[in-house]
Structure formats: structure tokens, C-alpha cells
Number of protein chains: 2
Amino acid sequence: MDPKETLKAHILKTANLTDKEFDYLFSHFKLQSFKKGQAIISEGDKVDHEYFVISGCLKAFFINDEIKMYILQFAMPTWWTSDYGALYNHTRATISVDCLSDAEVLCLSNDDREKICSEIHQAEHFFRWRTNRGYLASQKRLLSFMNNDTKARYEELLAMYPQLYNLVPKHLIAAYLGVSRETLSRLYNAQK
Amino acid sequence: MDPKETLKAHILKTANLTDKEFDYLFSHFKLQSFKKGQAIISEGDKVDHEYFVISGCLKAFFINDEIKMYILQFAMPTWWTSDYGALYNHTRATISVDCLSDAEVLCLSNDDREKICSEIHQAEHFFRWRTNRGYLASQKRLLSFMNNDTKARYEELLAMYPQLYNLVPKHLIAAYLGVSRETLSRLYNAQK
DNA sequence: TGCAGAATGTGATGTACATCACCTAAGTCC
DNA sequence: GGACTTAGGTGATGTACATCACATTCTGCA
């Protein structure tokens, strides 16, 4: 997958950018490669960038009391991720991001995003739309949390990302669902 | 509270609009008054508008299996609300909105918002920022759901909206926290 | 190739919550 | 002002989950 073409196809779905505008926008991204297990953002870091996944899979997670981990997002290709709270509010990271597999990402600094948004109206349009999708997904997940039991949420997750079942260890799926690994294990072994 | 000045102050915090631009933007809003208990969006409705609260308090909620209600948001003055999923995807409402008190709102149609966003760059900037705040709030609430027990979430809610305790019946607070009214009742009566 | 650590399964036990059932007090409508 | 509804409290019981403890693979790597 060519990083530039991947990003271009992704953005042009929503925004009308000329080739020249896109090239300009793209010039602010930096391609980075990470190994499986490598950290991209660690708790306490200064957060300056957000990341667009080209290949591989990342997880964005929160660790409570140095004990329990909750996964906010599995970031697959064409997904964006960061600790957005820290990024926008210029605070230290409370959410960490690392790699579940070798991964390539395009990274964009907060300052550059804001600069581009102010320079190119259609870029601002794109980022509004993108945040919007994130907001709706987050709200949907919140409702699912309140409304569904663990089993239903587990099936919902696998329906949305069938690859996850083989890609990531089960205890991480449990951490996404917000249950203990033991409970998840019993869950899908119960139904034969 | 003057509706126009309220909205103006709210928007100018984030966006640089000339008086003329703001007047133009404002000309697309329509002031509406509702009585306590009145519905603004009901499940199954076509959803064309979003709402900016001037006075009073609304709730946005979801009803599961015609039985249980979950509250997504208490909308206080200067908050925006709607069924954004239905609004953006042009589907029927699954989320309802009604009034916890007499209320005044400014309503804006989806088409007008998109029109204004394409005409005025700074308006698009404002709406990107607004969605962003919503996204961060939603993500924070999701984390709180996974991480904290009911008591902690109850205290968090009251810390954020001290007015709520007297403004809304307790079973609605339970519906926001995602627990039964009995559990909530026992919770704050336990600690003397 | 063999060993340490990670991932997973499974039993026993405790607990926070839902659910049901019933009670009282405070609006609200004719 | 009586009747009906809505809010709220409280006991008894059931259940989905966490937690702890331990056994069993699997996997990477020195």
C-alpha cells in the first residue's frame, strides 16, 4: 500500500482537494515505521502528533491504577489515532498507543493540522467530518456498553472486525470489552 | 438571556466571525419554545435539525426494547443536542430528545449547517471544534464507564453538574449512570 | 533445544448489581 | 378533596461478573 495514495483516497472521499492542495497537505506528514510491541505514545509523554495507520494494527489504551488496562480503540489501516485529549489540551498523555504488529503510520503534528485547516477550507471540512465519525462511533459504543451484556458486545466487536479474532490475543479483546480475560474465556467456551 | 447574544458569545469563543457573517449565520436559526415534558425528537422521526439550548434543560435518551431508558446527555444552556447519527446519515431517529423543564432552543437544519460551513470557513472551524469537544467528552465518559464503579460515576456527574441534583428526578440520574433507580437510591442513602 | 514468560482454561468464592415486590409521600387532574 | 399518577425508599433473592488460585499450553529466543 502506497502511503500517499492511501491517504489521498481516504481524504478525497470527503473533501475536494486539488492535486496541488493534496500535495501541500501531504508534505506535512511524516512516514514512520514501528515494530510489533513498540510504543508510539506512552503515559506522561508530551503529545504533539496524531497518526494515520497505513499498515498494521495499533491499540490506544488507558491503564488504571497501574493495574487494569482498557482499550479505547484498535486502530487498523486508514484509522486515525492519538491521545486527542492531550493533543488538543496540551496536557501530558493519559492514553497510550502501541503496536500490535509491525506498523507503518503517517504522522501529523497538531500545529500543522491547525495550520492546514486554516489555510485550506476543504481540509478543515475533512477534519470536521472525520471527528464527526469518531464522535458517532464513540456514542454508539457508549450506548452498547449501557445496553448490551458482554456476550452481545463481543459478537458486535467480531462482526465489526472479523480479523481481530486471529490478530490479537484474547486478553486484549477482553480489555476492549471491559471484562476480565477469565469471563471472556468462559463466554465463548460455554457456547460449545 | 438574549438568544442571539448567547449564541454569538458561544461561537466567538472559538471562531472569528465578523458581525455581518454572524448575522448571516444567525439568520438560519429559528427560536422555538417548549413546555416541560414536551418532545423535540421522538424515536422514528425524520431528523432534520440540531438544537442549541438557550434556557431550560433537555435530555437525549435511548429506549431499549421499549423498556429501559438510557440518557446520553443532559443538555443545559449553550449545549447542542440532536440525534446526530440520524441527522448525518439521514436515517430515522433512534435517540429521542425531550424537555425536563420549559425550554428555549435555537434550531438549525442540517442542510443550513452544511451550507454555512461551505460558505464561511470560520463557521466550519467552529463546528469542527464543537464536534471535537463532544468527541472528547464522549470518550471520557466511556472510560469512566469502564473504569469507575457506580458511586464514583455518580459523584463525577454531580461534580460536573451540581444543579442536576435538584433539577431532575433521581431515576433520570440513574438512567444517565446506567444503573437501576433502586441501586442509586441505596447508594447515596448508605453513606448516611 | 530447552527454558522463561506469555497466553489461555477452569474451579471456588465473593460482590455489585438487577429484579421483583411492596410501601409511603408528594404532585396533578377532574 | 378524592383518585390516580409519579417519585422514591427498602427488603429478599438471583445472577453476571470479578478475583484468586492453579494448571496447561504456546512462543520467542539465547
Side-chain angles (χ1 to χ4, degrees), chain A residues 34-39 57 59 61-71 74 98-102 143-158 164-192, chain B residues 35-39 57 59 61-71 74 98-102 143-158 163-192:
Chain A
F34 293 96
K35 288 283 162 201
K36 178 175 177 173
Q38 226 181 323
C57 181
K59 70 175 200 281
F61 60 101
F62 171 80
I63 292 186
N64 134 302
D65 305 331
E66 332 253 298
I67 296 182
K68 273 207 224 169
M69 176 177 70
Y70 298 102
I71 294 181
F74 291 112
D98 65 17
C99 301
L100 297 179
S101 65
D102 291 359
L143 260 186
S144 176
F145 237 98
M146 297 203 275
N147 193 21
N148 300 131
D149 63 11
T150 302
K151 193 176 158 193
R153 294 208 313 285
Y154 172 65
E155 279 155 11
E156 196 174 58
L157 177 65
L158 287 196
L164 272 188
Y165 188 84
N166 295 313
L167 189 61
V168 314
K170 307 274 175 291
H171 72 269
L172 293 184
I173 293 184
Y176 181 93
L177 296 174
V179 294
S180 68
R181 57 171 200 84
E182 292 95 330
T183 295
L184 181 63
S185 165
R186 281 185 255 265
L187 240 180
Y188 56 69
N189 287 323
Q191 58 217 1
K192 216 184 12 89
Chain B
K35 288 281 163 201
K36 179 175 176 171
Q38 229 181 317
C57 181
K59 69 174 199 283
F61 60 102
F62 171 79
I63 292 186
N64 135 301
D65 306 330
E66 332 252 299
I67 295 182
K68 273 207 225 169
M69 176 176 71
Y70 298 102
I71 294 181
F74 291 112
D98 67 16
C99 301
L100 296 179
S101 65
D102 292 358
L143 259 186
S144 176
F145 236 90
M146 298 203 275
N147 193 21
N148 300 132
D149 63 11
T150 302
K151 193 176 159 194
R153 294 209 312 286
Y154 172 66
E155 278 155 13
E156 196 175 57
L157 177 65
L158 288 195
Q163 331 89 299
L164 273 186
Y165 188 84
N166 296 312
L167 188 62
V168 315
K170 307 275 175 289
H171 71 271
L172 293 185
I173 293 183
Y176 181 93
L177 297 175
V179 293
S180 68
R181 57 171 199 82
E182 292 96 328
T183 295
L184 181 63
S185 166
R186 280 186 255 266
L187 241 181
Y188 55 70
N189 287 323
Q191 59 218 3
K192 218 195 0 98

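Model, not experiment: these values are computed from the prediction. Here is how names work: the chains are called A, B, and so on, in the same order as the sequence lines, proteins then strands, and each is numbered from 1.
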*Select base, sugar-phosphate, or nothing to describe what G37(A) touches, counting heavy atoms under 4.0 Å on all strands.*
nothing

*Can you tell me if the side-chain N/O atoms of Y188(A) get under 4.0 Å from OP1 or OP2 in dG9(C)?*
yes

*May I ask you to decide if S144(A)'s main-chain N or O and R153(A)'s side chain share a donor-acceptor pair within less than 3.5 Å?*
no

*asked:* Strictly below 4.0 Å: does K68(B) bring a side-chain N or O up to OP1 or OP2 of dT19(C)?
replied: yes

*Heavy-atom closest pair, residues A39(A) and F34(A)*: O-CE2, 4.2 Å

_If you apply the rule salt bridge (charged side-chain N to carboxylate O under 4.0 Å, His left out), what do you find for D102(B) with K35(B), and how did you get there?_
CA-CA 4 Å; D102(B) 292 358; K35(B) 288 281 163 201; 3.8 Å; yes

_Counting only heavy atoms and a strict 4.0 angstrom limit, can you tell me which residues of residues 143-150 of chain A come near DNA chain C?_
none

Which pairs, protein N/O on one side and nucleotides 10-13 of chain C N/O on the other, fall under 3.5 Å?
from	atom 1	to	atom 2	distance (Å)
dG11(C)	N7	R186(A)	NH1	2.9
dG11(C)	O6	R186(A)	NH2	3.3

*Calculate the interatomic distance between L100(A) atom CG and dA6(C) atom P; express it in whole Å.*
16 Å

*Rounded to the nearest Å, what distance is computed from the CG atom of residue L184(B) to the C1' atom of nucleotide dG9(D)?*
12 Å

_Using 0.5 Å steps for rounding, measure from the CD atom of E155(B) to the CG atom of N148(B)._
10.0 Å

*S101(B) and C57(B): which non-hydrogen atoms are nearest, and at how many Å?*
OG-N, 3.1 Å

*Hey, could you give me the CG/OH distance between L187(B) and Y154(B), rounded to the nearest 0.5 Å?*
8.5 Å

Mind listing the N/O atom pairs, protein and nucleotides 28-30 of chain D, below 3.5 Å?
none

Tabulate below the donor-acceptor pairs under 3.5 Å that side-chain atoms of residues 167-180 of chain A make, not counting sequence neighbours, or state none.
from	atom 1	to	atom 2	distance (Å)
K170(A)	NZ	Y165(A)	O	3.3
S180(A)	OG	T183(A)	N	3.2
S180(A)	OG	T183(A)	OG1	3.0

_Restricting to non-hydrogen atoms, name the atom on M146(A) and the atom on I71(B) that form the minimum distance, rounded to 0.1 Å._
CE-O, 4.0 Å

*Kindly give the heavy-atom pair with the smallest separation between K59(B) and L100(B), and that separation in Å.*
CD-CD2, 3.9 Å

*Specify the angle, to 10°, made by the local axes at the two ends of the helix from dT1(C)-dA30(D) to dC30(C)-dG1(D) when five pairs are taken at each end.*
50°

*From CG (L158(B)) to CD (Q163(B)), nearest 0.5 Å*: 10.0 Å

*Looking only at atom types and distance, does a side-chain atom of N147(B) sit under 3.5 Å from a main-chain N or O of L143(B), one as donor and one as acceptor?*
no

*Specify the separation, in whole Å, of atom CG of L187(A) and atom C1' of dC17(D).*
10 Å

_Below 4.0 angstrom, which residues in residues 163-177 of chain B have at least one non-hydrogen atom near DNA chain C?_
none

